[in-house]
Amino acid sequence: MIRWLVAVALLTDLTIARAQSASFRLVGGVVTYSSSDGKERQIAVGKPCADLWTDPDENVVAFIAVEKQRPAWGGAPEPYIEQSSVFVARRSDGFRPTRIGIDIEIDGLRWKVAREPRVSPDYSTLYFFVPDTMTSWALV
């Protein structure tokens, strides 16, 4: 049973404006894109970022910021994330990031890590995975 504490954000009143491709990229832990004036811009949130997702029209992007991590061990390719936040940025807001904190309870255990955020096609719901064991993830 999943009990929500703080997890899903509804993304309401999203105004969609078609524009040229922003070409979002994750470079050195920072989300970068080409703005409508052709300049390279960053969506900086003060923490290293990962798991960048963009909708097909590039009107919404979602990504995580790593709040707390441990160094990689045992041959792991990347550090172990202990706490993260999800950020959503919309074209209609000039890609100003909105932070969504993670604090979820699943089967009596609390989780503060979100991975691979996505926004629904109608822009109303944010989905992400919570690594609920060492070998599985729960969709939230």
Side-chain angles (χ1 to χ4, degrees):
M1 176 179 164
I2 296 177
R3 186 171 56 136
W4 302 97
L5 298 174
V6 177
V8 175
L10 296 178
L11 308 172
T12 59
D13 298 324
L14 179 63
T15 303
I16 306 300
R18 289 238 180 233
Q20 75 182 58
S21 173
S23 301
F24 286 90
R25 304 167 295 297
L26 191 59
V27 179
V30 177
V31 177
T32 63
Y33 67 98
S34 301
S35 64
S36 59
D37 61 7
K39 293 183 180 179
E40 189 80 3
R41 305 268 185 214
Q42 294 183 344
I43 301 177
V45 296
K47 304 280 183 182
C49 298
D51 296 351
L52 175 64
W53 171 87
T54 61
D55 80 327
D57 292 332
E58 294 187 327
N59 289 307
V60 176
V61 297
F63 54 93
I64 68 164
V66 179
E67 305 284 342
K68 187 177 178 184
Q69 66 183 359
R70 277 190 259 154
W73 76 91
E78 58 185 45
Y80 176 76
I81 298 173
E82 293 182 328
Q83 185 175 347
S84 66
S85 296
V86 173
F87 281 85
V88 175
R90 306 173 191 145
R91 181 181 302 278
S92 62
D93 293 334
F95 295 116
R96 182 177 40 86
T98 300
R99 181 182 182 273
I100 298 152
I102 305 303
D103 189 2
I104 300 167
E105 186 173 314
I106 301 174
D107 295 331
L109 298 173
R110 296 181 80 83
W111 301 97
K112 295 185 180 216
V113 177
R115 298 299 308 257
E116 299 186 17
R118 307 283 190 267
V119 177
S120 65
D122 66 356
Y123 302 111
S124 66
T125 307
L126 171 68
Y127 299 95
F128 52 85
F129 287 101
V130 174
D132 64 341
T133 70
M134 292 299 286
T135 59
S136 69
W137 292 16
L139 178 64
V140 179

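Scope of the values below: all heavy atoms of this structure, side chains included, with no hydrogens, waters or symmetry mates. Positions are given from 1, in the same order as the sequence printed here.
- Separating the NZ atom in K68 from the CD atom in E82 is a distance of 5.0 Å, to the nearest 0.5 Å.
- L26 contributes atom CG, which lies 11.5 Å from atom OG1 of T54 (distance to the nearest 0.5 angstrom).
- Put simply, the side chain of F63 does not reach to within 4.5 Å of the side chain of F24, judged on heavy atoms.
- The backbone N or O of N59 sits nowhere less than 3.5 Å from a side-chain atom of D57 that would complete a donor-acceptor pair.
- Nearest approach of V86 to F128, heavy atoms of both residues: CG2-CD2, 4.4 Å.
- Clustering ILVMFWY residues whenever any of their side-chain heavy atoms sit less than 4.5 angstrom apart, transitively, puts W53 in a cluster other than the one holding V30.
- With a 4.5 Å cut-off on side-chain heavy atoms, E40 and T32 count as touching.
- Between E58 and D55, the closest heavy-atom pair is N-OD1, 2.7 Å.
- Proximity of V61 to F87: side-chain heavy atoms (C-beta onward) are nowhere separated by under 4.5 Å.
- Atom CZ of R99 is separated from atom NZ of K47 by 9.0 Å, given to the nearest 0.5 angstrom.
- Checking each of I100, D51, V88 against P117 for a side-chain contact (heavy atoms from CB on, under 4.5 Å) leaves exactly one that passes, namely D51.
- Contact between I64 and A114 at its shortest, heavy atoms only, is CG2-O, 3.4 Å.
- With rounding to the nearest 0.5 angstrom, the CD atom of Q42 is 12.0 Å from the OG atom of S35.
- Contact of the Y123 side chain with the V60 side chain is registered, since non-hydrogen atoms from C-beta on lie closer than 4.5 Å.
- A donor-acceptor contact shorter than 3.5 Å links the side chain of S120 to the backbone of T125.
- Between S34 and R25, some side-chain heavy-atom pair lies under the 4.5 Å cut-off.
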